S.K.: 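Encoded as structure tokens, here's the structure I'll be asking about.
No experiment lies behind these values; they were computed from the predicted model shown.
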Amino acid sequence: MQNYKNKYFLFTLFLTAWIISGCGGGKNVPDVSHIPVDVTIQRFDKEFFRIDTNNVPAGLKLLEKAYPHFAPAYFSQVLNFGPLADTNRLMPVQVRNFLANKDFRALQDSVEAHFSNIEPLEAELTQAFRLTKYYVTRFNAPKVVTFISAIANYGAVTVDSTVGIGLDMHMGADFPIYGMLPDYPAYLVRKFTPEYIPVNVMKVVQQDLYPPHEEGSQLVANLIDLGRQQYFLEKVLPETPEEVRLGYTKEQLDFCKENEEMIWQYFVQNKLLYTTDWQDIMRYTGEGPSTQGMPAGAPGQIGAYTGYRIVQAYMRRNPEVSLEQLMATKDVMTIFNKAKYRP
């Protein structure tokens with residue numbers, strides 16, 4: 001990573017200034033340079049691993065003082081060590097064992113080497129947060145911290161007014177440890193890359209602002225929720241490729257574009273739009289290598305693509321609707337009916 005920083009130092013400076021300035025390459029990105037948001041990422045992961053293992057209780061108190069909201073959630077929910085409280089006598093022992101584990105220390109060393117320069121990420125999140133504030137006036141930019149989850153698949157989390165980024169889940173698809181873990185198939189591992197950090201961050205930000213429909217809702221409501229999320233990502237991450245926002249490969253996105261009508265007819269002819277069967281809903285909205293019942297080229301979570309196209313159709317037909325109004329609409333059938341989606 002050090003070589004990358006040196007070799008492309010001037011390019012990084014240009015990229016940072018370009019992102020913050022709001023340039024959009026013809027994508028009609030509003031100028032948000034005046035919005036007072038500047039992201040400075042706090043390295044919780046580094047501070048955690050700097051704790052003196054001979055005096056863990058004192059180190060934990062300092063960490064909790066510096067991160068009063070995030071630290072308790074990190075230890076109780078990410079590492080499953082229980083509450084960060086004086087009454088939890090096992091906590092210092094568990095933390096000491098964790099910090100003394102050579103594999104976890106090697107993981108942290110790899111993370112620090114891989115993410116030695118986070119300024120470009122700070123610039124990208126600054127732009128994304130400014131755009132979010134521009135479109136959603138009630139949005140208050142959260143603090144941003146980094147952590148490691150010991151490869152526990154925490155890409156990004158929200159805790160009160162803080163967003164946490166699991167750097168160990170973005171080390172690159174060729175990071176050797178991923179291939180050793182059977183819980184992570186190839187279709188997931190290919191997304192464990194730095195380019196997915198802004199997408200994962202803005203997804204949890206969007207979900208925090210606009211929680212998805214509860215279980216038991218119809219498939220069409222889930223499609224609209226996924227579609228609105230993608231439309232939100234399009235607006236706040238305008239320079240991120242569409243396939244990355246969707247989590248597809250380029251070939252999978254091409255398949256969807258070339259077979260958009262077939263995909264839609266599949267939902268219609270199989271009477272799936274109004275189903276509440278959770279298995280059907282998960283089949284079309286959950287992540288996977290492909291979509292069962294469709295041709296081999298169809299990606300998993302294909303419902304995100306269809307939902308996205310429905311929402312785009314709705315916004316084209318209703319240009320007076322703002323992003324904030326779109327996201328706040330409770331009656332998703334209004335969106336579906338007014339979209340008049342017919343690929």
Side-chain angles (χ1 to χ4, degrees), residues 132 135-136 138-139 155-158 199-237 242-243 245-248 252-253 255-257 259-288 290-294 298-343:
T132 303
Y135 289 114
V136 183
R138 69 183 177 91
F139 171 72
V157 298
T158 52
V199 173
N200 290 334
V201 167
M202 297 316 297
K203 276 185 176 181
V204 297
V205 166
Q206 181 268 328
Q207 290 166 354
D208 193 54
L209 286 168
Y210 304 101
H213 277 78
E214 298 178 357
E215 292 183 9
S217 57
Q218 296 173 328
L219 175 62
V220 65
N222 288 269
L223 298 184
I224 299 298
D225 278 347
L226 287 173
R228 286 193 289 189
Q229 181 181 75
Q230 285 300 317
Y231 195 83
F232 175 87
L233 293 177
E234 173 192 324
K235 294 299 183 181
V236 301
L237 295 173
E242 184 179 14
E243 64 268 19
R245 296 196 306 264
L246 282 160
Y248 299 166
Q252 288 173 333
L253 179 58
F255 172 90
C256 291
K257 290 180 177 179
N259 296 277
E260 185 174 348
E261 182 178 1
M262 180 275 291
I263 295 168
W264 175 243
Q265 287 302 319
Y266 180 90
F267 285 120
V268 173
Q269 292 175 8
N270 288 283
K271 297 180 171 58
L272 291 167
L273 292 174
Y274 303 107
T275 182
T276 57
D277 184 280
W278 69 270
Q279 289 182 313
D280 283 336
I281 291 172
M282 286 304 300
R283 183 176 298 118
Y284 305 111
T285 65
E287 290 191 87
S290 59
T291 295
Q292 183 182 349
M294 289 191 180
Q301 202 176 60
I302 200 166
Y305 179 83
T306 298
Y308 185 25
R309 293 298 183 254
I310 294 171
V311 171
Q312 285 179 320
Y314 170 77
M315 294 302 283
R316 282 194 301 271
R317 290 180 176 274
N318 300 273
E320 75 284 357
V321 176
S322 68
L323 177 63
E324 192 166 17
Q325 290 170 328
L326 168 71
M327 302 303 295
T329 299
K330 299 295 184 183
D331 182 10
V332 296
M333 291 310 297
T334 296
I335 297 173
F336 178 68
N337 292 328
K338 288 188 175 182
K340 299 180 180 178
Y341 177 66
R342 295 293 185 274

S.K.: How many angstroms lie between atom OG1 of T275 and atom CG of N222, to the nearest 0.5 angstrom?
M.R.: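 Interatomic distance, T275 OG1 to N222 CG, rounded to 0.5 Å: 10.5 Å.
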S.K.: In Å, rounded to the nearest 0.5 Å, how long is the span from NZ of K338 to CG of N318?
M.R.: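 Output value for this atom pair is 6.0 Å.
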S.K.: Working to the nearest 0.5 angstrom, can you tell me the gap between Q229 CD and M202 CE?
M.R.: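 Q229 CD to M202 CE: 10.5 Å, rounded to 0.5 Å.
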S.K.: List, one per line, each side-chain donor-acceptor pair under 3.5 Å for residues 278-286, sequence neighbours excluded.
M.R.:
{"from": "D280", "atom 1": "OD1", "to": "R283", "atom 2": "NH1", "distance (Å)": "2.6"}
{"from": "Y284", "atom 1": "OH", "to": "Y266", "atom 2": "OH", "distance (Å)": "3.2"}
{"from": "T285", "atom 1": "OG1", "to": "I281", "atom 2": "O", "distance (Å)": "2.6"}

S.K.: How close do N200 and A156 get, heavy atom to heavy atom, and via which atoms?
M.R.: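 Smallest heavy-atom distance, with atoms named: O-CB, 3.6 Å.
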S.K.: Would you name the heavy atoms of Q218 and L273 that are closest together and state the gap between them?
M.R.: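 Closest heavy-atom pair between Q218 and L273: CB-O, 4.0 Å.
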S.K.: Any salt bridge between E242 and R309, counting N to O under 4.0 Å?
M.R.: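 Answer for the salt bridge query: yes.
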S.K.: Might you point out which heavy atoms bring Y341 and E260 nearest each other, and give the distance in Å?
M.R.: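 Scanning both residues completely, I find the closest heavy atoms to be OH-OE2, 2.7 Å.
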S.K.: Output all residues satisfying side-chain contact (heavy atoms from CB on, under 4.5 Å) with M333, sequence neighbours left out; order by chain, then residue number.
M.R.: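 side-chain contact (heavy atoms from CB on, under 4.5 Å) list for M333, sorted by chain: V220, Y274, D331, F336, N337.
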S.K.: Looking at every non-hydrogen atom in both residues, tell me the closest pair between Y248 and I302 and how far apart they are.
M.R.: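 Closest heavy-atom pair between Y248 and I302: OH-CA, 3.5 Å.
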S.K.: Hey, could you give me the CD1/CZ distance between I310 and R228, rounded to the nearest 0.5 Å?
M.R.: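 It comes to 12.0 Å.
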S.K.: Is a side-chain donor or acceptor of Q230 paired with a backbone partner of R245 at a separation under 3.5 angstrom?
M.R.: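 Looks like yes, one N/O pair under 3.5 Å.
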S.K.: Measure the shortest side-chain to side-chain distance between L233 and Q206 over non-hydrogen atoms and say whether it is less than 4.5 angstrom.
M.R.: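 Side chain of L233 against side chain of Q206, heavy atoms only: no contact under 4.5 Å found.
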S.K.: Report the residues that fulfil ring-ring contact (aromatic ring centres under 6.0 Å, His included) with Y135, sequence neighbours left out, ordered by chain and then residue number.
M.R.: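 Per chain and number, Y135 pairs via ring-ring contact (aromatic ring centres under 6.0 Å, His included) with no residue.
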S.K.: Could I get the full list of side-chain contact (heavy atoms from CB on, under 4.5 Å) partners for R316, not counting sequence neighbours?
M.R.: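 By the side-chain contact (heavy atoms from CB on, under 4.5 Å) rule, R316 matches Q312, A313.
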S.K.: Look up atom CG in N270 and atom CD in Q265, then write down how far apart they are to the nearest 0.5 Å.
M.R.: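 Reported to 0.5 Å precision, the distance equals 10.5 Å.
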S.K.: What's the spacing between Q301 CD and S290 OG if we round to 0.5 Å?
M.R.: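 So the gap between those two atoms works out to 13.0 Å.
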S.K.: Would you name the heavy atoms of I335 and L326 that are closest together and state the gap between them?
M.R.: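 Distance-wise, the nearest heavy atoms are CD1-CD1, 3.9 Å.
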S.K.: Which heavy atom in K257 sits nearest to a heavy atom in Y305, and how many Å separate them?
M.R.: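 Reported closest heavy-atom pair: CA-OH, 3.4 Å.
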S.K.: Enumerate the residue pairs fulfilling ring-ring contact (aromatic ring centres under 6.0 Å, His included) with a member in residues 314-335, sequence neighbours excluded, ordered by first and then second residue.
M.R.: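 Sorted result for residues 314-335: empty, none.
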S.K.: Can you list everything that forms a side-chain contact (heavy atoms from CB on, under 4.5 Å) with S322? Sequence neighbours excluded, please.
M.R.: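 Only E324, Q325 meet the side-chain contact (heavy atoms from CB on, under 4.5 Å) criterion with S322.
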S.K.: Check the pair T329, I224 against side-chain contact (heavy atoms from CB on, under 4.5 Å), reporting the backbone distance first and the verdict last.
M.R.: CA-CA 11 Å; T329 299; I224 299 298; over 6 Å; no
S.K.: Do the side chain of T291 and the main chain of P299 share a donor and acceptor less than 3.5 angstrom apart?
M.R.: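 It does hold such a pair.
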